[in-house]
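This report refers to the structure that appears directly beneath it.
Below, read A as the first sequence line, B as the second, and so on, with proteins coming before strands; counting in each chain starts at 1.
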2 protein chains.
Amino acid sequence: MDYLTETEANCRAREVLDRVGDKWSVVVLYNLSTGTHRFTELRRAIPGISQRMLTVTLRTLERDGLIRRTVHPVIPPHVDYDLTPLGSTLREIVGALVNWAHDHLEEIDEARTAYDKV
Amino acid sequence: MDYLTETEANCRAREVLDRVGDKWSVVVLYNLSTGTHRFTELRRAIPGISQRMLTVTLRTLERDGLIRRTVHPVIPPHVDYDLTPLGSTLREIVGALVNWAHDHLEEIDEARTAYDKV
DNA sequence: CAGTATCCCGACCGATACTG
DNA sequence: CAGTATCGGTCGGGATACTG
């Protein structure tokens, strides 16, 4: 693993990391890692996300060029979301992150409990 | 890459991802990836972080068992921070994330500009 | 179905001052 | 040096209602 200098790592990269690190982006990207999904599919797949926040998150990811929004002009409306090539370069990292969180949930819970006990 | 079911990926893991994904955690973890650092070293290394937020971030990471805080009882105070074994398991992922952000800054900027122009 | 549009509360976080 | 304490503004984000 190469390490960037402090300046490289911390200055502009922080802006980008803020994006990836907001409340819902990683989960949305993870769900789109498996392929194309519609708005309502994502809403169902992500417990707790509000309609507003799903919209906002999707727009932000689209603006950043990470996902593509495809509108099919039919009635009722049909909109598909999938990863762009740029978004696909995040697939591995996002997957690793979600797997890490899943694998270390209990360790973190234990650490918190131990910390709070003191 | 194995994909977790929606439920596995989204429920409890979201709590953990919120931690990793907050404003400063990734940057602090990244800086500690290179080894032990003192409070003021981190403060200098991370432009824009306030004293308060560095303290809060370090406490949270310590509580979650990701970093270790070592107080040397001398005057003036000397406190070291480094990754725990659990924290070390995040090293690769955090490094990949920071490198990704650094490598794709321009693409994202271009995507934003293009999106905003429409 | 896939959104907009508002309202509004609470937390996040920066600024500042103080301390063992 | 490495914090803690307090204040206050901003804004993330939930709830609700409405629409092409």
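The CD1-P distance, from A:Ile46 to D:dG13, rounds to 14 Å in whole Å. Straight-line distance from the CD1 atom of B:Ile49 to the P atom of D:dG3: 12 Å, rounded to whole Å. Atom-to-atom, CD of A:Glu62 to P of C:dA2 comes out at 15 Å; the value is rounded to the nearest Å. Rounded to whole Å, atom P of C:dA2 lies 10 Å from atom CG of A:Leu54. Look at CG on B:Leu42: it is 14 Å from C1' on D:dG3, rounded to the nearest Å. Across the protein-nucleic acid pair, B:Leu58 atom CG and D:dA2 atom C1' stand 11 Å apart, rounded to whole Å. Atom P of nucleotide D:dC1 and atom CZ of B:Arg43 are separated by 11 Å, given to the nearest angstrom. Atom CD1 of B:Ile75 is separated from atom P of D:dG3 by 15 Å (rounded to the nearest Å).
For the 3.5 Å distance criterion, the side chains of B:Arg91 and B:Ser88 qualify, holding a donor opposite an acceptor.
B:Thr57 places no side-chain N or O within donor-acceptor distance of the main-chain N or O of B:Trp24, the cut-off being under 3.5 Å. With hydrogens and angles ignored, the 3.5 Å screen pairs no side-chain donor or acceptor of B:His102 with any backbone N or O of B:Val98.
Remark: C:dG3 base-pairs with D:dC18; criterion is Watson-Crick or G-U wobble with both hydrogen-bond distances under 3.5 Å.
When each of B:Pro76 and A:Pro77 is assigned the nucleotide of DNA chain C with its nearest heavy atom, A:Pro77 is the one assigned upstream, toward the 5' end. DNA chain D is contacted by both B:Arg52 and B:Arg59; B:Arg59 maps to the nucleotide lying nearer its 5′ end (nearest heavy atom per residue). The 5' end of DNA chain D is approached more closely, in terms of each residue's nearest nucleotide, by B:Thr55 than by the other of B:Thr55 and A:Gln51.
Counting only heavy atoms from C-beta on, A:Ser50 has its side chain closest to D:dG14 among C:dA2, C:dG14, D:dG14. Distances were taken from every side-chain heavy atom of A:Thr40 (C-beta onward) to each of C:dG14, C:dG3, C:dA2; the shortest belongs to C:dA2.
Partner of B:Leu32 under the side chain to side chain contact (heavy atoms under 4.5 Å, CB included) criterion, out of B:Leu29, B:Thr34, B:Val28: B:Val28 alone.
Within 4.0 Å of B:Arg38, counting heavy atoms only, lie sugar-phosphate atoms of the nucleic acid but no base atom.
Applying the 4.0 Å criterion to OP1 and OP2 of C:dC1, one finds that A:Tyr81 has every side-chain N and O outside that range.
Taking both residues in full, the closest heavy atoms of B:Ser25 and B:Leu61 are given as OG-CD2, 4.0 Å, listed atom of the first, atom of the second, then distance.
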